[in-house]
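Notes follow the structure.
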Amino acid sequence: MSARRYGGPLLLLLTGAAVLRISLFSELYLRYVQPGLRPYLVVSGVALVLLGAVLAVVAARRPDGEEDGDGHDPDQDQDQGHGHSHGHSPRVAWLLTLPALALLLFPPPALGSYSAEREAAQRAAQGVGTFPGLAAGDPVDLTLGEFASRAIYDSERSLSGRTVRMTGFVTRDGDGTWYLTRLSVACCAADAATAKAEVRGVTAPPTDSWVTVTGTWRPEGALGDEEAWPPVLDATDVETVTEPANPYEKR
């Protein structure tokens, strides 16, 4: 019984199991894609597992020493000395199991401060205009994307005099300035964009920790101007919270 014979089926089974682990049996998939893509992940995982199982059964039923279409025993390629490339490619293919095992056993975390800092803080004047009215009562709960859009582009300055409450993770500049940050996605983590607000008036929690911040907007710069980015929040309260199941905001 050759390990080479079962390499392909095993890789499919591991990959399918990893996809099902993050999408069907947990909410880890939210670290990488939008909630609406869950059914597609589940179907893909099931398909990979079934295909791997079928190929494993086919391989198990093939007699040892059976020749392939080239007229030689694929399990003896390396021993026979001809077509040495056949003897090495299966070994290399086994390396493909490492990413599948890593996803199955150690799913990568959601994007954090490093990803946020990689995006240049450049905002051109666009979309300046009016926004729908804010909900009554203070504090009003906003996403960081909503807060940033209103702070930079709202010609009616609807944030003026309002107390807002937002949740995100902590990022810092080298000069000690800290930001409440959230990554927003349209489809998956690959298209993530940064929304953040500079926080003043309170001590910064540790970098990458998740917090809910309450405060008021401090106008900076002209509408749509780069000087208005990132918007500034004069905080009155900071509360440490657990990371939400879905760490991203929807764009």
Side-chain angles (χ1 to χ4, degrees), residues 21-23 26-38 41 102-103 106-123 134-135 138-153 159 162-218 220 226-251:
R21 187 213 166 178
I22 65 171
S23 61
S26 73
E27 294 185 337
L28 291 173
Y29 75 99
L30 292 172
R31 297 179 179 179
Y32 320 116
V33 299
Q34 285 285 359
L37 296 179
R38 185 178 200 173
L41 289 175
L103 184 61
F106 310 104
L111 301 180
S113 59
Y114 175 74
S115 300
E117 290 164 4
R118 292 181 61 187
E119 182 178 334
Q122 298 178 351
R123 295 294 184 272
L134 291 173
D138 284 336
V140 57
D141 291 307
L142 293 177
T143 66
L144 273 162
E146 292 171 334
F147 177 78
S149 295
R150 288 177 181 272
I152 299 172
Y153 303 122
L159 291 174
R162 299 299 303 271
T163 301
V164 298
R165 182 169 55 202
M166 300 176 292
T167 298
F169 58 89
V170 177
T171 58
R172 300 172 186 263
D173 274 347
D175 61 3
T177 303
W178 75 279
Y179 305 90
L180 183 67
T181 306
R182 198 81 179 255
L183 294 168
S184 59
V185 299
C187 173
C188 59
D191 63 20
T194 304
K196 65 181 181 180
E198 179 183 340
V199 181
R200 300 180 185 176
V202 293
T203 302
T207 299
D208 279 325
S209 59
W210 281 82
V211 294
T212 295
V213 180
T214 304
T216 56
W217 171 56
R218 176 187 292 189
E220 297 278 350
E226 289 185 8
E227 294 181 1
W229 172 264
V232 177
L233 184 72
D234 287 325
T236 57
D237 182 68
V238 176
E239 178 185 0
T240 301
V241 297
T242 57
E243 179 180 340
N246 184 358
Y248 306 121
E249 294 178 352
K250 183 176 179 61
R251 278 198 284 176

Salt bridge check: are Arg165 and Asp141 linked by an N-O gap of less than 4.0 Å?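 Here Arg165 pairs with Asp141 in a salt bridge, since their nearest N and O are under 4.0 Å apart.
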Identify the two heavy atoms, one from [X] and one from [Y], that lie closest to each other, and give their separation to 0.1 Å.
| X | Y | result |
| --- | --- | --- |
| Arg182 | Gly168 | CD-CA, 4.1 Å |
| Pro206 | Val170 | O-CB, 3.5 Å |
| Val164 | Leu142 | CG1-CD1, 3.8 Å |
| Thr207 | Arg172 | OG1-NE, 2.9 Å |
| Ala151 | Leu159 | N-CD1, 3.6 Å |
| Glu243 | Trp210 | CG-NE1, 3.4 Å |

The single option from Val140, Leu180, Val213 passing side chain to side chain contact (heavy atoms under 4.5 Å, CB included) against Met166: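 So, applying the side chain to side chain contact (heavy atoms under 4.5 Å, CB included) to Met166 and each of Val140, Leu180, Val213, only Leu180 qualifies.
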Any side-chain heavy atom of Arg200 sitting closer than 4.5 Å to one from Val232?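 Heavy-atom side-chain distance check passes, below 4.5 Å.
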Answer yes or no: is there a side-chain heavy-atom contact under 4.5 Å between Trp229 and Glu220?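 The answer is no, as the side chains (C-beta and beyond) never meet within the 4.5 Å cut-off.
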Is a donor on one side and an acceptor on the other found under 3.5 Å between the side chain of Glu249 and the backbone of Gly145?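 At least one qualifying donor-acceptor pair exists.
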Give a yes or no on whether the backbone of Asp175 and the side-chain of Asp173 come within a donor-acceptor separation of less than 3.5 Å.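 Not a single qualifying donor-acceptor pair exists.
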What is the distance from atom CG of Leu183 to atom CZ of Phe169, rounded to the nearest 0.5 Å?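 Going from CG on Leu183 over to CZ on Phe169, the span is 4.5 Å.
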To the closest 0.5 Å, what do you measure between OG1 (Thr214) and CG (Asp237)?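 Reported to 0.5 Å precision, the distance equals 5.0 Å.
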Glu239: what forms a salt bridge (Lys or Arg N to Asp or Glu O under 4.0 Å) with it, not counting sequence neighbours?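 So Glu239 forms no salt bridge (Lys or Arg N to Asp or Glu O under 4.0 Å) with any residue.
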